[in-house]
Protein chains: 2
Amino acid sequence: MTAEPQVHPRRRGRPGYDLESLLLVAVELFNERGYDGTSMEDLSRKLGITKSAIYHHVSSKEELLRLAVDRALDGLFGIVAEAEAVPGPAVERLEYLVRGSVGVLVDRLPFVTLLLRVRGNTKVERAALTRRREFDRIVADLVAQAEQDGDIRPDVDPAVTSRLLFGMVNSLIEWYRPRRSAGTDIADAVVKIAFDGIRVRAP
Amino acid sequence: MTAEPQVHPRRRGRPGYDLESLLLVAVELFNERGYDGTSMEDLSRKLGITKSAIYHHVSSKEELLRLAVDRALDGLFGIVAEAEAVPGPAVERLEYLVRGSVGVLVDRLPFVTLLLRVRGNTKVERAALTRRREFDRIVADLVAQAEQDGDIRPDVDPAVTSRLLFGMVNSLIEWYRPRRSAGTDIADAVVKIAFDGIRVRAP
């Protein structure tokens, strides 16, 4: 997991944006008004720079979207790669994947928020949905494997289990606020509740 | 929990809509394009009737929104009232509330989907958000009470526990498809996983 991207609103002493800070503002605007509902005109007004200054960095609104959703997806697939290297039974890799995914959500909150709202109206959105489905398939396969190992409860369909598991993880975009609690505390809470439930076990 | 609202696209033998079927089409359109992105013109085109035929049933687009989100909220608060009458410790009322909420989501899926996407730009939306917060407070209080009773794990902040619990429940709007599995099976799965976790307990 990487730290949040750094913002450099002023470069070489003059007002302006580098690609990174431009991207952050664009993502905020997309999340606020919807991608379809945001024009390059809106973005230029919000940034206080001309549209041609934006086109100096990116070729189109869709390129901003691609950069943003890839930031989220690259984070999640980075965790997939790390999880695959975790030794031991599948349930250990699943726990690593859940914990790491919460970390990516917390570190890249606006990017993951945008990703989870993508509907598939453009080529970039459809490509993002394809990668999301690939991620979901990896989770579902791990759950199914862990169930075969006898580590995950067999009385719920593994497809439903993996949906509920990531339903819990993804809900963070709706309510998690970085200032209130540390990302690692939230990751611990999700792992505890998802794997062992909210009920106190009888001694 | 009530059955899905009935659709009567033809009344007295002539093509037309009653309020109920008009509402269902409006909600589908709001969910597809966003409430802000849908005009009465769009709705009239989708229904194949004039705008004045729509205004025969409702005074405004906002009234359609109010009827729709109230359908969801009334369902959820109906479950709250039922849960309050459940005898025994708070954890039993919490379980009733979770199971019943899944039932409402499944029965009133398009209405709850719309409710969960409301952002608060209009008076109706702000009123809906106020009722949602009231519902969330009731859940959080039940979790806190059950924790005091020693029935819910004390090692996670009750506010976080209740967010994760309903994060799981609310995720149904993203992936649940009525044809694939029965609502009661899904409610059972949610209660099992939320209360006892996905991991098999050591004997």
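Just so it is clear: chains get the letters A, B, ... in the order the sequence lines come, proteins before strands, and each one is counted from 1.
- For A:D196, the parts lying under 4.5 angstrom from a heavy atom of chain B are both the backbone and the side chain.
- If you measure heavy-atom distances from A:R117 to chain B, the contacts under 4.5 Å come from the side chain alone.
- If you measure heavy-atom distances from A:V143 to chain B, you find no contacts under 4.5 Å at all.
- Considering only heavy-atom pairs separated by less than 4.5 Å from chain A, the leading option among B:R119, B:R153, B:M168 is B:R153.
- Using a 4.5 Å cut-off on side-chain heavy atoms (C-beta onward), A:L23 and A:H57 make no contact.
- Within the 4.5 angstrom heavy-atom criterion, only side-chain atoms of B:I186, from C-beta onward, approach chain A.
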Applying salt bridge (Lys or Arg N to Asp or Glu O under 4.0 Å), run through A:R199 and B:E95 and close with a yes or a no.
CA-CA 10 Å; A:R199 203 193 306 267; B:E95 186 178 320; 3.5 Å; yes

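- Exactly one residue among A:N31, A:L64, A:L65, A:L29 makes a side chain to side chain contact (heavy atoms under 4.5 Å, CB included) with A:T38. That residue is A:L29.
- With chain A as the partner, the residue from B:V91, B:V156, B:D151, B:L165 showing the most heavy-atom pairs under 4.5 Å is B:D151.
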With side chain to side chain contact (heavy atoms under 4.5 Å, CB included) as the criterion, how do B:D188 and B:R99 come out once you've worked through the C-alpha distance, each side chain's angles and the decisive distance to 0.1 Å?
CA-CA 7 Å; B:D188 282 346; B:R99 190 182 295 276; 2.5 Å; yes

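- Few gaps surround NZ on B:K192; more than 12 heavy atoms of other groups in view lie less than 6.0 Å from it.
- If you measure heavy-atom distances from A:E147 to chain B, you find no contacts under 4.5 Å at all.
- Comparing A:G167, A:G150, A:S171 by how many heavy-atom pairs each has under 4.5 Å with chain B, the most go to A:G167.
- What you find for B:E62 and B:Y35 is that their closest heavy atoms are CA-OH, 3.1 Å.
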List the steps and the verdict of salt bridge (Lys or Arg N to Asp or Glu O under 4.0 Å) for B:R131 and B:E134.
CA-CA 5 Å; B:R131 288 186 80 193; B:E134 167 69 7; over 6 Å; no

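- In this structure, chain B has a heavy atom under 4.5 Å from the backbone of A:A194, while its side chain stays farther away.
- Residue A:D155 touches chain B through both its backbone and its side chain, counting heavy-atom pairs closer than 4.5 Å.
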